[in-house]
Novice: 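Structure in structure tokens, see below.
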Amino acid sequence: AETERETFTPSGGFNDGATRERERDAYAFEYRGEYFDRFFPTASVRRDENDTFADFTTWKTGLSVDLREIGIRPHASVGNAVALPGMFEQFGSILGTFVGNPDLVPEESLGWDAGVEFSVLSGKAVVDVTYFESDLQNEIVGFGNSLINLEDDSERRGIEVAARAEVVAGIVVGAAYTWLDASDPTGLAEIRRPEHSARFDVNYGFDKGRGNINVAAIYNGAMSDSVFFNLDVPPFFGSSFVTLDSYWLLNVAASYKVAPGVELYGRIENALDEDYQEVFGFETADVAAYAGVRFTYEEPATKAWAEGR
């Protein structure tokens with residue numbers, strides 16, 4: 001169970017300066033099952049109660065079957081989701097270029113996926129191929145210098161291919177690729193949805209599992225985005241499409257358990273200091289480093305139950 005409260009006060013001389021508030025209470029239940037060491041069903045349901053939007057219930061269910069005799073694991077899932085519009089999308093403004101739309105309603109989606117995982121090289125490597133589809137209702141998109149909900153559905157479908165293998169003891173290499181076909185109700189490609197994306201990583205565990213180092217290269221293909229601009233004649237604003245360049249990001253992360261329940265960790269994001277944009281006109285962070293200490297407490301009776309079941 002969780003509760004969330006948001007407040008938003010637009011600033012600047014061309015806003016009303018009024019504070020908006022909204023609250024949401026959510027209750028979620030998840031089930032994970034194991035039957036005959038072969039069938040693995042999952043199910044979850046979540047109820048959200050909103051004070052500014054209609055209440056809604058979302059759910060997801062899935063099943064995987066371990067056919068180890070022939071080295072495959074079929075799996076599938078289906079579910080729905082809801083995403084609320086942001087407070088800035090509703091009530092924010094940028095002089096001459098953007099005005100929020102307080103009448104926006106939440107986006108809703110229904111999707112499913114199905115695939116097969118293959119175990120190869122005597123179990124030292126796995127390859128997974130998954131097909132997915134989803135329909136998005138009330139998609140929030142730019143319109144003029146504001147935002148609207150689309151009346152018809154947007155469609156997304158694609159294929160994911162992932163592989164992971166232990167090349168030598170302690171070193172695991174992974175790769176994943178996604179092809180995505182995302183279109184709006186008119187058939188145009190959706191903005192900020194790359195057709196091609198991929199990830200490659202190398203993970204090294206050492207000192208009997210106490211230490212870990214991960215190096216990941218992430219590829220984001222070229223994608224379209226919308227751009228707003230001012231005109232000298234009515235309606236005094238317009239929009240067009242631009243193409244955002246593809247980019248690679250290199251991330252490095254490491255951790256080490258110095259004592260039971262105490263772990264040091266650090267990571268470097270965008271280690272090659274790549275200059276890129278995820279949204280037109282908004283620069284992203286340069287190289288950044290983070291470090292910290294993580295404390296974990298494991299209740300003894302629960303641990304004993306888990307090890308003995």
Side-chain angles (χ1 to χ4, degrees), residues 4 6 8 10 15-16 20-24 26 45-61 77-94 96-113 131-159 178-195 197 222-231 233-244 278-282:
E4 182 180 84
E6 293 181 272
F8 176 77
N15 296 287
D16 59 14
R20 277 84 174 183
E21 298 182 356
R22 68 185 186 193
E23 292 188 24
R24 176 174 59 175
V45 62
R46 176 185 171 109
R47 176 67 176 175
D48 284 78
E49 298 178 352
N50 302 279
D51 65 346
T52 55
F53 297 101
D55 300 337
F56 52 83
T57 301
T58 53
W59 55 271
K60 183 177 182 179
T61 183
S77 67
V78 60
N80 69 340
V82 174
L84 301 182
M87 294 284 254
F88 185 84
E89 293 177 323
Q90 289 187 286
F91 308 110
S93 66
I94 302 174
T97 58
F98 176 77
V99 177
N101 180 0
D103 296 324
L104 291 175
V105 299
E107 297 179 329
E108 301 181 42
S109 64
L110 175 65
W112 65 273
D113 64 77
Y131 177 83
F132 61 89
E133 283 189 6
S134 66
D135 291 333
L136 181 62
Q137 298 178 335
N138 302 323
E139 182 179 9
I140 298 173
V141 299
F143 181 77
N145 66 339
S146 187
L147 299 167
I148 62 171
N149 291 104
L150 293 179
E151 294 183 0
D152 297 319
D153 292 358
S154 299
E155 298 180 351
R156 299 171 185 174
R157 61 189 178 94
I159 297 175
T178 300
W179 171 77
L180 175 66
D181 178 19
S183 59
D184 64 20
T186 67
L188 294 176
E190 286 194 311
I191 63 173
R192 303 171 195 161
R193 297 289 186 272
E195 182 179 5
S197 58
M223 55 186 178
S224 64
D225 198 1
S226 58
V227 54
F228 299 104
F229 52 85
N230 297 327
L231 300 174
V233 295
F236 299 113
F237 57 83
S239 64
S240 64
F241 292 98
V242 296
T243 298
L244 302 179
E278 297 175 322
V279 179
F280 180 79
F282 291 85

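All residue numbers in this chain count up from 1 along the given sequence. Computed from a predicted model, the values in this text were never measured in an experiment.
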Novice: Just by distance, do the side chain of E107 and the backbone of L136 share a donor-acceptor pair under 3.5 Å?
Specialist: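 No, E107 side chain to L136 backbone: no donor-acceptor pair under 3.5 Å.
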Novice: For F56 and A54, which heavy atoms make the closest approach, and how far apart are they?
Specialist: CD2-O, 3.5 Å
Novice: Can you tell me how far the CD atom of E139 sits from the CG atom of L147, to the nearest 0.5 Å?
Specialist: 11.0 Å
Novice: Which heavy atom of D55 sits nearest to which heavy atom of E49, and what is that distance?
Specialist: OD1-CA, 3.2 Å
Novice: Just verifying a value: how many Å separate S134 OG and L110 CG, rounded to the nearest 0.5 Å?
Specialist: 8.5 Å
Novice: Once you round to the nearest 0.5 Å, how far does CG of D184 lie from CG of D152?
Specialist: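 These two atoms lie 10.0 Å from each other.
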Novice: Of all heavy-atom pairs between R20 and M87, which one has the smallest distance, and what is that distance?
Specialist: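 That closest heavy-atom pairing would be O-CE, 3.5 Å.
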Novice: Hey, does the side chain of N101 reach the backbone of S146 with a donor-acceptor pair shorter than 3.5 angstrom?
Specialist: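 No, the answer is negative, given that no donor and acceptor are paired below the 3.5 Å cut-off.
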Novice: Could you check if a side-chain atom of P185 sits within less than 4.5 angstrom of a side-chain atom of S154, using non-hydrogen atoms only?
Specialist: yes
Novice: Decide side chain to side chain contact (heavy atoms under 4.5 Å, CB included) for L104 and F53; before the verdict, give the C-alpha distance in whole Å, the side-chain angles of both, and the deciding distance to 0.1 Å.
Specialist: CA-CA 10 Å; L104 291 175; F53 297 101; over 6 Å; no
Novice: Apply side chain to side chain contact (heavy atoms under 4.5 Å, CB included) to residues D48 and L84 and explain how you reach the verdict.
Specialist: CA-CA 11 Å; D48 284 78; L84 301 182; over 6 Å; no
Novice: Could you tell me whether a side-chain N or O of N149 sits under 3.5 Å from a main-chain N or O of N138, the two making a donor and an acceptor?
Specialist: yes
Novice: List the residues meeting side chain to side chain contact (heavy atoms under 4.5 Å, CB included) with S197, not counting sequence neighbours, and say none if there are none.
Specialist: T178
Novice: Rounded to the nearest 0.5 Å, what separation is found between the CD atom of E4 and the CZ atom of R24?
Specialist: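 The CZ atom of R24 is 4.5 Å from CD of E4, to the nearest 0.5 Å.
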Novice: Could you pull out the closest heavy-atom pair between P194 and M223, with the gap in Å?
Specialist: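 Of all heavy-atom pairs spanning P194 and M223, the closest is CD-SD, 3.7 Å.
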Novice: Between S77 and D113, is any side-chain donor less than 3.5 angstrom from a side-chain acceptor?
Specialist: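 The answer is yes; a qualifying pair exists.
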Novice: If only atom types and distance count, is the side chain of D135 paired as donor or acceptor with the main-chain N or O of E155 below 3.5 Å?
Specialist: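 No, because the side chain of D135 does not come within donor-acceptor range (under 3.5 Å) of the backbone of E155.
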Novice: Taking the six-membered ring for Trp, are the ring centroids of Y131 and W179 within less than 6.0 Å of each other?
Specialist: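 Here the rings of W179 and Y131 have centres that are no less than 6.0 Å from each other.
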Novice: Output the distance between atom CD (E195) and atom OG (S224), rounded to the nearest 0.5 Å.
Specialist: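 Rounded to the nearest 0.5 Å, the CD-OG separation comes out at 11.0 Å.
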Novice: Would you check if the side chain of D225 reaches a backbone N or O of R192 as a donor-acceptor pair within less than 3.5 Å?
Specialist: no
Novice: For residues P102 and G100, report the shortest heavy-atom separation together with the two atoms involved.
Specialist: CD-O, 3.6 Å
Novice: For F132 versus I159, what's the shortest heavy-atom pair and its separation?
Specialist: CE2-N, 3.7 Å
Novice: Supply the atom-to-atom distance Q137 CD to S109 OG, rounded to the nearest 0.5 angstrom.
Specialist: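 One finds 9.0 Å between CD of Q137 and OG of S109.
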